[in-house]
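In what follows, every chain begins at residue 1, and chains take the letters A, B, ... in the order their sequences are listed.
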Amino acid sequence: MVEQYVTSSILVSPDNRIVHFSRAGRYMLHPDGAPTTNVLQMVREELQIELHRALMDAREKHVAVDSSPILVRFNGHSGLVILRVRPAPAGDREGFALIVFEEHQPPIESVADAGNLPEASKRRIQELENELAVAQHQMQSLIKEFENSREEMKSSNEEMQSTNEELRSTMEELETSKEELQSINEELQTLNQQNRHKVEELAELSADLQNHLAATDIATLFLDRELRILRFTPKLGNLFSVRVIDQGRPITDVTNRLGYRELEADAQAVLKQLTPVEREIQDQEGRWYLMRILPYRNPQDRIDGVVITFIDIHRRKLAEEQVLKEKDFAETIIQTLHEPLAVLTPEFRVRTANAAFYKNFEATPESITGQNIFEANHRQWDIPSVHQLLEQVLPQKGSFQDVEIDHTFHRLGRRVMLVSAHRVDHLGAILLGVRDLTDKKRSESELLKAEGELRAANQSLQRINADLMHFSYAVSHDMQEPLRMVTSFTQLLARELPNLDPQSAQYMRYAVEGASRMETLLAALREYWSIDEEKLKGLTEVDCNAALQRALSYLQTVIEKTGAVITYDHLPTIPANEYALTLLFQNLVGNAIKYQPPGRTPRIHISVERSAAEWKFSVADNGIGVEPEQRELIFAPFKRLHEKQYSGSGLGLAMCRKIVETLQGRILVESNAGEGSTFQFILPRTGGV
Amino acid sequence: MKPAHIVLIEDNPGDVVLVKLALRENDIPHSLTEFESGRDAVRILCAETGDAIVPDAILLDLNTPGTDGFDVLHQLKDCPRLSRVPIAILTSSRAQSDKRRAAVQGARFIEKPSQLQDFLSSVGSSVKAMLGVPR
């Protein structure tokens, strides 16, 4: 009994599946077929309709629903069951519901007990039972129908479900296409980025192009199909009077400084035929330009106009002219040469030959020009040795020089020649020169003979010269004694005869003076020769300052007499001969004092310049100077230029030259007549002094 | 002043005249013995025998014929008897080498200048010096 009142309950999910089951077994009856947890299928038949209704009410209205008592036939007995359905509160596990079964004892009213009822009632009961059976039957069929419609609903639900799945798959597809779209979008973004880069690059390029156009030295003009100005470089301003505002105007409206009228025609031709036009034109000032007209192709390779460039080729043009001149010059040189010369190609074809060549080998320009040298002019050059030289020696060595060829030419006879050739690779030419020695050979023996004679004559001259020098040396010494006698005794005579008549006295004076002059000359001559003797003694280190001092001391008398002012730099010590150097200074300073205009005080400066290899001594004076044409003469012996006014031996400067040359040096004079002169002697710096 | 005994070895008569004139004009009392050649002079002056003269000074021309003047000088200097006699070389040579050679051999060197006056004074003063006469 107790057990009967213990609460039996079932917890169901929104789709009526049993979630929890508690002591409710007696209200359940598992149907045939597949196992199920659906409470509406599992609950006893009598309870199904009420339960269904209660569940729906409870869920819809969210209220507790109690059914009316239902008569249920259990095994052998029956009971009244009240179904209490409690839905889960709204919002929390919505749709779940708790079903509680409450069972009551039915009223004791058995058919068996009906025996004591009246027949009418019995009939009535029978009728009612029949009606009930019919109603039950109807209800059964209703339930069946309901079941069927539920099945249908289920199937439609399944359809819905499959539709739902289809929808889901469609959605997935949409998702996929969305991702694709996204990736396409990203690609587009990348592309966009790239485009932006491109645009930037284009901007840079455009800037570069602008700068290039501005900086370029080449005048460039862009025209459209109607020859209207699109763009141009600043340089174009030199040729056309265009300004930026002229863009869009036809080029024919713009004046230009070109002496060239066919620009329009040429541009049209380029537009029509699409072949570039190139011309060398001159502007009004004579400058040369290379004009090129090219079709302007747009990126679609359509011709949108023309590009005209003007390149300044003035220099090139000048250079070309120069080259032509040079070529002409070279040609003239070749033609002017007395010796036969031919210019060959590397294949030994004659490019050109000079007149001497034609003449010497009896050829004509027609007979050899363009021909192979070995075949030209009746194969006259078909000589084995020439073959060998040109074909073997020349390729190896690049040139050969003066190779003697002795050949007997047809018609020309025997010729002896020196043949030279040079390969000029950068000009693609071979220069072939010939020296005809035929005549020379003939005269060579004569020349040899003449040379022998000349040498003999020269030797004899040298012998005579040596004899003369010896004679001169002997005279200078051996005549000294007799002359001294003449001098001494004419002077003695003059002294012994004090009372001579004036004419005799003058004669006597002439004799004395003549003897004195001769004495001076002989002394100078001895001095001149003494250089050779001194030379034999060799060189020592000589202090030039000391040598100059000594020379000045010898000149003391004349310096005092003339009041000469003599200055000098510090002089070096050099390898020389002291006697000779003293003599040199004595003569040069002595001359400087002597050759002065009357009344002028001599001013003399002695200086020295040192270079890497030489000492350059200078003795500068303020004297009468030396005429240019006399500058060489004054160094020759006995060349006296001032016979009367200035006395002298005529050997002073000759001796100076001899001294300087003995010291391996040279002497010269710089002078403007009347403005003084500077004698310079230059000695080599040997021995590291 | 006692006349000095001077020997002159000179082949040129002109120079003999000029030397005599120089001695006279310079007031040098003297007796003069003349030789024309060096060989003769050496033979007489250096003779070992008898009472040969010993002069006070010898004037020797460098250019006497037949012998080299320096040879003569050498021989004279070799004579013991003449060892203390001053000898002078008379010459028109101006060569330094000759001067040096003369000095080495202990002889005076008298140049013969061309100018008459120079000659007279040059010879005169040299001879005086040789004789030890104060000027």
How close do A:Q491 and B:L116 get, counting heavy atoms only, and between which atoms?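 Heavy-atom minimum between the residues: OE1-N, 2.6 Å.
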Residues B:L21, A:L492; criterion side-chain contact (heavy atoms from CB on, under 4.5 Å); working and verdict: CA-CA 10 Å; B:L21 187 63; A:L492 188 56; 3.4 Å; yes
Can you run down the salt bridge (Lys or Arg N to Asp or Glu O under 4.0 Å) pairs that involve residues 549-563 of chain A, sequence neighbours left out, and say none if there aren't any?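 Non-adjacent pairs meeting salt bridge (Lys or Arg N to Asp or Glu O under 4.0 Å): A:R550-A:E578.
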Partners meeting ring pair (Phe, Tyr, Trp, His ring centres under 6.0 Å) with B:F119 (sequence neighbours left out):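 Counting only residues at least two positions away or on another chain, B:F119 forms no ring pair (Phe, Tyr, Trp, His ring centres under 6.0 Å).
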Neighbours of chain B found in residues 493-513 of chain A - heavy atoms under 4.5 Å: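 Near chain B, by residue number: A:R495.
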Does any non-hydrogen side-chain atom of [Y] lie less than 4.5 Å from one of [X]?
{"X": "A:E481", "Y": "B:K112", "result": "yes"}
{"X": "B:Q115", "Y": "A:S488", "result": "no"}
{"X": "A:F489", "Y": "B:L18", "result": "yes"}

Residues two or more places apart in sequence or in another chain: which of them pass side chain to side chain contact (heavy atoms under 4.5 Å, CB included) with B:N26?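 Result, side chain to side chain contact (heavy atoms under 4.5 Å, CB included) vs B:N26: B:A22, B:I28, B:K128.
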Evaluate whether atom CZ of A:R517 has more than 12 neighbouring non-hydrogen atoms of other residues, nucleotides or ligands under 6.0 angstrom away.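 Incorrect, the count does not exceed 12.
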CZ/A:R484 to OG/B:S114 distance, rounded to the nearest 0.5 angstrom?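 Rounded to the nearest 0.5 Å, the CZ-OG separation comes out at 7.0 Å.
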With only heavy atoms counted, which part of B:D118 is less than 4.5 Å from chain A, the side chain, the backbone, both or neither?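 No part of it gets close to chain A.
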